[in-house]
Amino acid sequence: MTGDIYGFVHDPTVIRRDDGTYFLFTTNNKTNIASAPSMSGPWTHLGSALPNGSMIDLPGKDDLWAPDIAKLGDTYYLYYSVSDWGAQNASDIGVATSKTLEPGSWTDHGSIGIPADQRYNRIDPNLFRESDSSTPLLAFGSFHDNIFQYPMADPPLRII
């Protein structure tokens with residue numbers, strides 16, 4: 001990768017906008033955003049998706065982890081983890097939406113509503129949809145024990 005991506009590229013996610021521009025979202029600095037005309041770059045740092053941090057009131061709300069991006073209809077959904085390193089019971093998954101992917105366009109909707117449970121850690125979200133007519137599923141977990149899934153509402157801002 002060439003160009004300016006700012007900070008470390010931990011747990012990245014990439015999406016290609018309809019105009020051909022690539023957007024990279026990374027862990028750190030309230031979810032860094034960079035864009036490029038191709039996967040190889042040059043990348044340009046654009047800023048943070050959530051410059052005020054998450055509305056989820058947990059430790060780590062200013063250093064969001066493991067972003068995952070998906071487009072459903074004309075809306076982009078950015079799922080992120082709020083956590084403190086190794087804090088299984090003090091983690092949560094949130095979501096923000098945008099129509100453009102650009103900094104300043106994101107609306108934070110807070111927690112998607114996964115209940116706390118000793119069986120899993122609410123981190124590392126990934127939205128999966130088998131087809132346009134299927135219910136989206138959110139997979140998460142992976143640090144303490146196993147991977148879990150919840151079906152998502154329509155629009156996918158909360159679990160059902």
Side-chain angles (χ1 to χ4, degrees), residues 1 3-58 60-83 91-114 122-142 147-160:
M1 298 176 77
D4 178 19
I5 54 173
Y6 188 77
F8 299 106
V9 180
H10 292 282
D11 301 321
T13 188
V14 175
I15 193 165
R16 185 175 179 259
R17 195 166 61 185
D18 291 341
D19 68 2
T21 304
Y22 289 86
F23 284 80
L24 169 72
F25 295 81
T26 64
T27 292
N28 75 12
N29 194 34
K30 301 165 187 157
T31 305
N32 278 318
I33 305 173
S35 69
S38 74
M39 283 294 290
S40 61
W43 290 90
T44 301
H45 178 251
L46 301 177
S48 298
L50 298 174
N52 297 319
S54 173
M55 66 177 14
I56 299 170
D57 192 20
L58 289 174
K61 69 180 185 175
D62 291 322
D63 190 24
L64 309 176
W65 297 10
D68 180 64
I69 189 87
K71 183 180 182 191
L72 280 74
D74 65 350
T75 303
Y76 295 96
Y77 295 85
L78 177 67
Y79 297 91
Y80 60 85
S81 304
V82 173
S83 188
S91 299
D92 203 355
I93 294 173
V95 63
T97 56
S98 170
K99 299 286 187 182
T100 68
L101 297 169
E102 302 284 345
S105 71
W106 291 94
T107 300
D108 186 20
H109 299 274
S111 176
I112 62 170
I114 298 172
R122 296 175 292 176
I123 61 169
D124 298 340
N126 178 254
L127 189 72
F128 171 75
R129 192 170 188 188
E130 189 172 351
S131 71
D132 288 343
S133 62
S134 66
T135 300
L137 302 171
L138 190 95
F140 65 96
S142 78
I147 305 279
F148 297 85
Q149 275 185 338
Y150 272 98
M152 298 295 290
D154 184 18
L157 299 173
R158 305 265 311 151
I159 64 166
I160 51 177

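Computation of the quantities below employed the complete heavy-atom set of this structure, encompassing side-chain atoms and omitting hydrogens, waters and symmetry-equivalent molecules.
- When all heavy atoms of Thr26 and Pro12 are compared, the pair lying nearest together is CG2-CB, 4.3 Å.
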Start with the C-alpha gap between Leu58 and Ser91, add the side-chain angles, then the distance that decides, and say whether side chain to side chain contact (heavy atoms under 4.5 Å, CB included) holds.
CA-CA 7 Å; Leu58 289 174; Ser91 299; 5.6 Å; no
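- When side chains are defined from C-beta on, Leu157 counts as touching Val95, because their heavy atoms get closer than 4.5 Å.
- Pairing each heavy atom of Tyr76 with each of Asp18, the nearest pair is OH-N, 4.3 Å.
- The CD1 atom of Ile33 lies 8.0 Å from the CD1 atom of Ile69; values are rounded to the nearest 0.5 Å.
- Residue pairs that meet the salt bridge (Lys or Arg N to Asp or Glu O under 4.0 Å) test with at least one member in residues 19-46, sequence neighbours left out, are Arg17-Asp19.
- Expressed to the nearest 0.5 Å, how far CD1 of Ile112 lies from CD1 of Ile56 amounts to 8.5 Å.
- Taking the six-membered ring where tryptophan is involved, the planes of Phe140 and Tyr150 are essentially parallel, since the angle between them stays under 30° and well short of 60°.
- At least one donor-acceptor pair closer than 3.5 Å links the side chain of Ser81 to the backbone N or O of Asp124.
- Closest approach of Ala66 and Thr27 over heavy atoms only: N-OG1, 2.7 Å.
- Taking all atoms of both residues into account, the shortest heavy-atom contact from Leu137 to Pro151 is CD2-CA, 3.7 Å.
- Side-chain atoms of Leu138 and Ile114, non-hydrogen and from C-beta on, do get closer than 4.5 Å to each other.
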